[in-house]
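This report refers to the structure that appears directly beneath it.
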Amino acid sequence: MRDMTNLAPWDNSSRLCSMEPTAGCSPTVPEPELYRSIQAVLPKDTDHQQAPDCLNKGMLRWTLHKKVQNNPANSLSLVWVLIKELEKAERWDCRKHIIPLLHTLMYAIIQTAYIPDELYKRVYDFCKRLLTYPHPYCTVGLSYTRQIKTERFNPGLMFQRMLIAEQRLRNEHYPFQERVFVLADPEVFSGSLAQVLLGDIEASASASGGFLSPLDHMRSVVQHSIQAALGAEQCNGSKLAQALKDMEHDVEQYFQEVLATLEQSVEEGSRGDGRTSRSRLQKLYSEIVTDIDSEPLSRGPLSDCPLPNPEMSFHMWTEDLDIWRELAKWLRSSSMSEQFSLSPEPEDFELGESPDLIPSDKTRFSVMSNDSGIERDLPPTADPSSVSPLDAASMSTSWEHCKSEPESSKLSRRGGIKMKPSVKDSMVLMQDTLEDHVSLGGGGGGSGGRGGRRGTTLQRRAGNSAMQNPFPKQQRHFTARIVVMGDDRVLGRLAKAYYFFRKRESRRLFLTMKVNLQFYYIPVCRVPAPLSTVRESVHQSKGNPCALGSYLSMVDPWYNSNIKSLGCMIPKLAMMQETNPVRPKDPFLSDVISYYVRTGQQPVYFTIYFVKITFTSVTKDPVEEVFLTHLEMEFPEFKHILASVREKQKQRSSGEVCGAVVSMNYKKESKIRASNIKIRSLESRSFTVTLDRDCRRTYRHVQSIEIFPCLDPGYCVQKTMRSKFNLGGDKDAGLTKYMSKGLPLPINTFAGIIN
């Protein structure tokens with residue numbers, strides 16, 4: 001392959017001189033410096049051998065994007081260097097660099113003011129060649145091939161759509177909206193750690209010289225779209241920026257016209273070549289600039305249009321917080337302010353006593369009503385419903401909190417529930433489950449498929465098999481990106497909350513039909529206190545508190561470089577803030593979160609397990625729970641001899657220690673896997689069970705436990721509906737046989753699982 005450096009028109013210095021930095025922009029960075037910065041951030045085989053606090057590749061990647069963010073010439077140079085590095089990685093078969101380079105390239109393309117068509121074609125051809133690669137390269141390549149193909153004929157479309165969705169700009173053509181919910185575990189984020197994270201997110205909203213209004217975002221869309229279409233040969237960026245600044249509220253009209261032009265061009269697809277949209281944008285540019293200059297088409301330097309971080313809300317995930325209620329509030333506030341008709345059922349958005357928000361573990365009773373139905377008229381003992389032991393600690397608290405809101409000034413009716421799902425509801429659940437099943441199937445069988453032997457421990461699968469999926473999900477206008485931060489315990493809580501969400505939605509759909517859920521995980525361990533060395537040593541003896549984070553960093557090197565390293569950097573930032581309380585000018589944590597949620601679109605699926613806990617007391621009802629990674633059993637009467645036993649084991653190479661008699665019953669599925677396991681103490685002794693290493697989920701005086709993979713409530717609904725009509729008994733038939741019986745928890749990463 002011959003060198004194309006001298007043949008590339010966009011690499012000519014005479015062309016770059018038209019994109020000189022304007023006042024206040026970053027200085028021009030030479031290509032050799034960009035090349036060295038790229039080499040510094042790429043994953044290496046020795047990264048896992050270094051201490052976590054030595055990995056600062058995430059900071060280097062952030063610094064690289066900051067270098068090019070405020071200078072169009074730097075951004076274009078970065079795109080040029082990255083595509084050359086990708087082609088070199090392809091020639092040398094260095095696949096471990098392809099996905100990091102590709103994500104960095106696409107992130108730069110979104111924010112580049114203007115890219116020549118020849119460069120678009122070169123990027124498109126490379127992404128298309130990735131379709132011949134194995135998973136996950138083909139999956140990532142397919143996603144970016146589609147985006148680049150559309151962007152090539154509609155320059156600036158990715159920037160426009162991303163800004164509109166993330167900032168919830170009112171418009172008549174693009175109805176999609178997104179929001180980032182950051183959930184931090186209070187057991188980990190206490191004191192200074194919580195303050196540094198909250199302060200960083202708050203600073204992100206005003207990082208670009210103050211708070212940006214919707215009109216400011218509209219100006220950015222108009223500026224970027226016109227520059228991306230016309231380039232420096234037909235557009236003067238500084239004159240355009242000044243004209244838009246002087247318009248004030250009139251800019252909304254041009255924003256709507258620019259948006260309509262690009263969206264209409266997208267609808268035309270292959271029927272158009274982009275000339276019509278460029279002609280319309282050129283006329284808009286002339287109309288905007290003519291008021292201040294008699295020569296609107298004079299060439300000049302292009303102006304930068306930084307992409308702001310998406311809207312984020314920060315929550316300490318306490319027992320009182322119901323994340324699904326927060327999503328419902330956001331959904332209602334967003335939909336009521338928009339022109340789009342999202343649902344023919346307006347009662348879905350009534351949150352006061354909505355049955356959609358009733359805890360899924362509340363037992364339902366059919367009662368013949370002979371009263372007014374108004375709560376104030378009911379006697380104190382009129383409600384016969386009782387809370388089941390299933391997650392009473394976490395779910396009932398949030399429900400009582402909802403009911404305690406000031407409602408005394410008005411009458412309210414008792415919330416009812418539709419007992420039988422409609423055909424429409426059941427089909428949406430089935431479609432949602434079928435999509436997940438196809439994705440799981442793309443990741444392999446029970447042992448982890450493409451991941452090989454590494455999947456046998458954590459029971460995970462990966463992949464987003466859009467190429468083979470015949471059951472696409474219903475398109476939803478809202479996307480909630482839920483980012484959880486903490487150790488393995490916070491993922492256990494997420495799995496539990498996700499299970500109850502699916503269970504509630506199986507009774508009556510509310511959020512599933514409207515919101516697309518995306519889960520992200522940033523592993524952060526608790527900082528040990530100076531006076532608790534003994535306690536922390538015991539805690540560390542139980543294993544890695546961020547086992548799932550370590551696993552994700554092992555299977556996805558780019559996750560290791562950008563996300564896993566945050567666990568060590570956040571405490572350092574907290575220490576720096578204590579010594580220097582001045583708010584940072586450029587927020588780092590929120591920038592990394594933004595990069596993660598924008599480019600991390602490849603899920604890794606973890607199996608959620610169901611456990612039934614029976615107690616020694618016959619008066620105590622069994623408890624049904626779910627967990628994700630760990631179930632620990634402990635016999636209290638042997639705790640005091642644990643230290644002496646370990647000491648004896650150190651002194652002699654082998655030995656036997658008497659303990660409680662435990663029987664294990666399991667159904668054998670294959671030679672290496674068991675689908676069901678039951679553990680029971682045959683003596684009068686009881687034991688203690690702790691789920692996901694969370695002391696808040698500890699059960700004492702336990703006699704037996706039964707564990708099996710958690711069934712998807714959507715599958716259970718379909719199974720129940722078929723059994724009522726005696727269609728084959730327990731045998732799966734029809735579309736049910738294609739549904740995934742288990743309920744996995746999808747955690748998004750940059751690559752999924754790389755072999």
Within-4.5 Å side-chain heavy-atom neighbours: [X] and [Y]:
X    : Y    : result
P557 : K96  : no
V597 : E178 : no
V123 : L86  : no
S561 : R61  : no
T150 : L157 : yes
I593 : M312 : yes
T479 : Q518 : yes
M218 : R170 : no

So, [X] side chain and [Y] main chain: donor-acceptor pair closer than 3.5 Å or not?
X    : Y    : value
H97  : L42  : no
Y114 : P72  : no
Q227 : C235 : no
K128 : T145 : no
S143 : V140 : no
Q601 : N748 : no
T749 : Q602 : yes
S553 : S550 : yes
N516 : R476 : no
Q223 : A241 : yes

Applying ring-ring contact (aromatic ring centres under 6.0 Å, His included), name anything that partners [X], two or more places apart in sequence or on another chain.
X    : value
F519 : Y498
F126 : none
Y144 : H103
F159 : H224

State, without any angle test, whether [X] and [Y] hold a side-chain donor-acceptor pair at a distance under 3.5 Å.
X    : Y    : result
E85  : Q39  : yes
D304 : N71  : no
S594 : D591 : no

> When the ring planes of Y595 and F750 are compared, do they come out parallel, tilted or perpendicular, using 30° and 60° as the limits?
Replying inline: tilted

> Hey, mind stepping through L60 and S37 against side chain to side chain contact (heavy atoms under 4.5 Å, CB included) and telling me if it holds?
Replying inline: CA-CA 7 Å; L60 295 177; S37 299; over 6 Å; no

Identify whether the distance between the nearest side-chain nitrogen and carboxylate oxygen of [X] and [Y] falls below 4.0 Å.
X    : Y    : result
E166 : R179 : no
R280 : E257 : no
R95  : E90  : no

> salt bridge (charged side-chain N to carboxylate O under 4.0 Å, His left out) with E252: which residues, sequence neighbours excluded?
Replying inline: none

Nearest heavy atoms of [X] and [Y], plus distance in Å:
X    : Y    : result
L163 : S220 : CD2-CB, 4.1 Å
A480 : F181 : CB-CE1, 4.0 Å
N74  : V29  : OD1-N, 2.7 Å
F588 : D200 : N-OD2, 3.0 Å
R278 : A229 : NE-O, 3.6 Å
Q167 : P310 : NE2-CA, 3.8 Å

>> I'd like to know whether L244 forms a side chain to side chain contact (heavy atoms under 4.5 Å, CB included) with V222, so could you lay out the CA-CA distance, the side-chain angles of the two residues, the decisive distance to 0.1 Å, and finally the verdict.
In response: CA-CA 8 Å; L244 292 172; V222 175; 3.9 Å; yes

>> Here's a test for you: under side chain to side chain contact (heavy atoms under 4.5 Å, CB included), which of I288, L259, V221 qualifies with Y254?
In response: I288

> Taking atom NZ of K149 as the centre, does the number of heavy atoms from other residues, nucleotides or ligands within less than 6.0 Å exceed 12?
Replying inline: no

Return the [atom1] to [atom2] distance between [X] and [Y], rounded to the nearest 0.5 Å.
X    : Y    : atom1 : atom2 : result
M106 : L82  : CE    : CG    : 11.5 Å
L64  : L78  : CG    : CG    : 5.0 Å
I747 : L548 : CD1   : CG    : 8.0 Å
L284 : T261 : CG    : OG1   : 5.5 Å
D125 : I148 : CG    : CD1   : 11.0 Å
I164 : H173 : CD1   : NE2   : 9.5 Å

> Of all residues at least two apart in sequence or in a different chain, which pass the side-chain contact (heavy atoms from CB on, under 4.5 Å) check with R152?
Replying inline: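 Listed in chain order: D117, Y120, K121.
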
> For the rings on Y520 and Y559, is their centre-to-centre separation under 6.0 Å?
Replying inline: no

>> Quick one, Q256 with E172, criterion side chain to side chain donor-acceptor pair (under 3.5 Å). Give me CA distance, side-chain angles, the key distance, then yes/no.
In response: CA-CA 7 Å; Q256 298 289 354; E172 302 172 357; 5.2 Å; no

> Passes side chain to side chain contact (heavy atoms under 4.5 Å, CB included), Q282 versus L230? Steps please.
Replying inline: CA-CA 7 Å; Q282 192 172 26; L230 304 182; 4.0 Å; yes

>> Less than 6.0 angstrom from the centroid, inside 45 degrees of the normal: does R219 satisfy that with respect to the ring of F255?
In response: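 The answer is no, since R219 fails at least one limit relative to F255.
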
> Are M158 and L307 close enough, and set up right, to give a side chain to side chain contact (heavy atoms under 4.5 Å, CB included), and what steps lead you there?
Replying inline: CA-CA 11 Å; M158 289 192 295; L307 182 64; over 6 Å; no

> Where do K67 and E33 land on the salt bridge (charged side-chain N to carboxylate O under 4.0 Å, His left out) test, with the steps shown first?
Replying inline: CA-CA 11 Å; K67 286 181 180 179; E33 182 177 343; 3.3 Å; yes

